[in-house]
Amino acid sequence: MKASAGGYARAESTRHAIELLVSADGQGRVLAGGQSLVAALNMRLSSDDLLVDISRLSELSGVRDAGGTLRIGALTRHAEIGRSQLVRTHAPLLSEAVRYIAHAAIRNRGTIGGALAHADPAAEFPACALALGATLHVEGPNGARAIAAEDFFESVFTTALDEDEILVELSLPKCGPGDAQVIEEVARRSGDYALAGLCLVKRPTAYRVALFSVAETPVLAQRCMAALEAGDPDGAVEALRAEISPPSDTQATAEYRRHLAGILLRRALARLQGDRS
Amino acid sequence: MTPGFVRKADVALTVNGEPVEATVPVGQHLVDFLRLELGLTGAHASCEHGVCGACTVQVDGQAIRGCLMLAVQAEGTEVWTVEGLTEQAAITDLQDAFVARNALQCGFCTPGFLVAAKDLLAMGGVPTRAETREHLSGNYCRCTGYEAIIDAVRSVAQARAAKGAV
Ligand SMILES: Cc1cc2nc3c(=O)[nH]c(=O)nc-3n(C[C@H](O)[C@H](O)[C@H](O)COP(=O)(O)OP(=O)(O)OC[C@H]3O[C@@H](n4cnc5c(N)ncnc54)[C@H](O)[C@@H]3O)c2cc1C
Ligand code: FES
Ligand code: FES
């Protein structure tokens, strides 16, 4: 099918993009890498959108070391994140996640901000942001605000972003000495969305476990995390399986997803053991 | 029309080394522009939602999905399709290897595979079989079963590496 768009404007700056969204009066739609949005336009899942193309805004792209945190511009492409030495050093979870996302040609265009704003429950980066305790920085007509990843993902394809706000950057606490970050997922074929996936972040006194493709949003497995902190990996697997309620669909049953979640946790923990020895 | 937004836009870009100027409807994706406006029918429009890879073209040196980029977004870019790459003899060894290994039957997927494989080969070295499969995982072939395609791409990587070594 052929794409349909109500209109198009190329933003010259972040400020200009916000002005365009305001003037679009609810019909505006940010266009970043287009790897989800143009597909939706082609399928006419969305039409009459007034596209605000931010893809040329170099100010929104790139990775930088901001002292205590790592800051990643919303327009940084998946492939760039995969290549970035700064990301490899300070947020290895993201480097590893990239290879699970789609295919090379899609990673050349898709952006991390797009993946977060799109909020597909099966996507890797939203769960990574949650596991890492990232902060999402957004700008709108009323100024800037910072939203914790915990508060950003509200439902399937729905976030805390207002219709005239733009996600500009995310900031992450850096991976410290002795920390470990791993991602595990099961998908039918390379590049497919995961049937279930798990991010594990280990810090000196705490664990964070975030899952994707098991609920309407990425979720933190709080009871599982508490069991890990108490030094009880078997209890953590049990707690994890009990605390999630995944959906059944044409891809997998709820029971299978719950089973996978436990397997993924065991795989992740085994890798942490391997790292230590 | 809401001020600031347009339904048609002027674009100027380079396609296969030639400057091109056109006015495009803003909803038109790059592959339709190449096929319908420029008559470059090498890249195919098939699934049109990013799944099959038949539309793969090179934009500013990188393989991308032609169906997931709007033509208006190609403003100022350098686009290469299988036609231009063929004329430039940039992929002759790859094309010869595809023929020699029977890496195509109907040929519908081939332009996409060639551009995706060119991207992989540009990284240098000899990718393993697993790396080759992974890199080409976003391209569908309904005929060959892939093995011959992987063989062809790896044989070119090996030949290029051997040439570089002398
Ligand atoms: C075949 C295929 C397989 C894929 N597989 C995976 C996969 O396995 N895992 C995965 O995670 N993803 C996958 N993707 C999606 C891909 O990662 C996209 O790049 C990503 O979801 C969207 O990023 P984008 O920059 O392309 O955003 P766009 O498509 O441009 O935008 C997506 C949405 O986010 C909004 N948006 C984008 N940027 C901003 C911003 N800065 N501020 C506010 N709103 C914004 C847009 O308005 C739109 O609603 C796949 C895509 C395809 C086509
Ligand atoms: S036509 Fe673009 S990926 Fe299928
Ligand atoms: S040769 Fe027919 S689809 Fe690949």
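Residue numbers begin at 1 in each chain, while the letters A, B, ... track the order of the sequences.
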Within the structure provided, determine whether [X] and [Y] are in side-chain contact (heavy-atom separation under 4.5 Å).
X        : Y       : answer
B:Phe5   : A:Leu51 : no
A:Arg109 : B:Leu68 : no
A:Asp53  : B:Leu70 : no
B:Val72  : A:Arg10 : yes
A:Val38  : B:Met69 : no

Could you list the residues that satisfy side-chain contact (heavy atoms from CB on, under 4.5 Å) with A:Ser213, not counting sequence neighbours?
->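 In terms of side-chain contact (heavy atoms from CB on, under 4.5 Å), with neighbours along the sequence ignored, A:Ser213 is linked to A:Ala122, A:Arg257.
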Count the heavy atoms belonging to other residues, nucleotides or ligands that lie under 6.0 Å from CG of A:Asp162, then report whether that count exceeds 12.
->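 Yes, enclosed.
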Just wondering, more than 12 heavy atoms not from A:Tyr100 lying within 6.0 Å of its OH?
->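 Yes, because the 6.0 Å sphere around OH of A:Tyr100 holds more than 12 heavy atoms from other groups.
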Which portion of [X] sits near chain B, non-hydrogen atoms under 4.5 angstrom:
X        : answer
A:Leu37  : neither
A:Arg99  : backbone
A:Asn108 : both
A:Ser23  : both

For the residue pair [X] and [Y], what are the closest heavy atoms and their distance?
X       : Y       : value
B:Arg7  : A:Gly6  : NH1-O, 3.1 Å
B:Val26 : A:Ala5  : CG2-CB, 4.3 Å
A:Ala32 : B:Gln73 : O-NE2, 4.0 Å

Leading residue by heavy atom contact count with chain B [cutoff under 4.5 Å; candidates A:Ser190, A:Gly34, A:Ala104, A:Gly191] |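 Most pairs with chain B among the choices: A:Ser190.
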Donor-acceptor list for residues 150-159 of chain B side chains, cut-off 3.5 Å, not counting sequence neighbours:
unit_1	atom_1	unit_2	atom_2	d
B:Asp151	OD1	B:Arg129	NH1	3.0
B:Asp151	OD1	B:Arg129	NH2	3.2
B:Arg154	NE	B:Pro127	O	2.9
B:Arg154	NH2	B:Pro127	O	3.3
B:Ser155	OG	B:Asp151	O	3.4
B:Ser155	OG	B:Ala152	O	2.8

Just checking heavy atoms, which of residues 131-146 of chain B are less than 4.5 Å from chain A?
-> B:Glu134, B:His135, B:Ser137, B:Gly138, B:Tyr140
By number, which residues in residues 89-124 of chain B have some heavy atom less than 4.5 Å away from chain A?
-> B:Asp119
Considering only heavy atoms, which portion of B:Pro3 lies under 4.5 Å from any heavy atom of chain A: side chain, backbone, both, or neither?
->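 Contact with chain A: backbone only.
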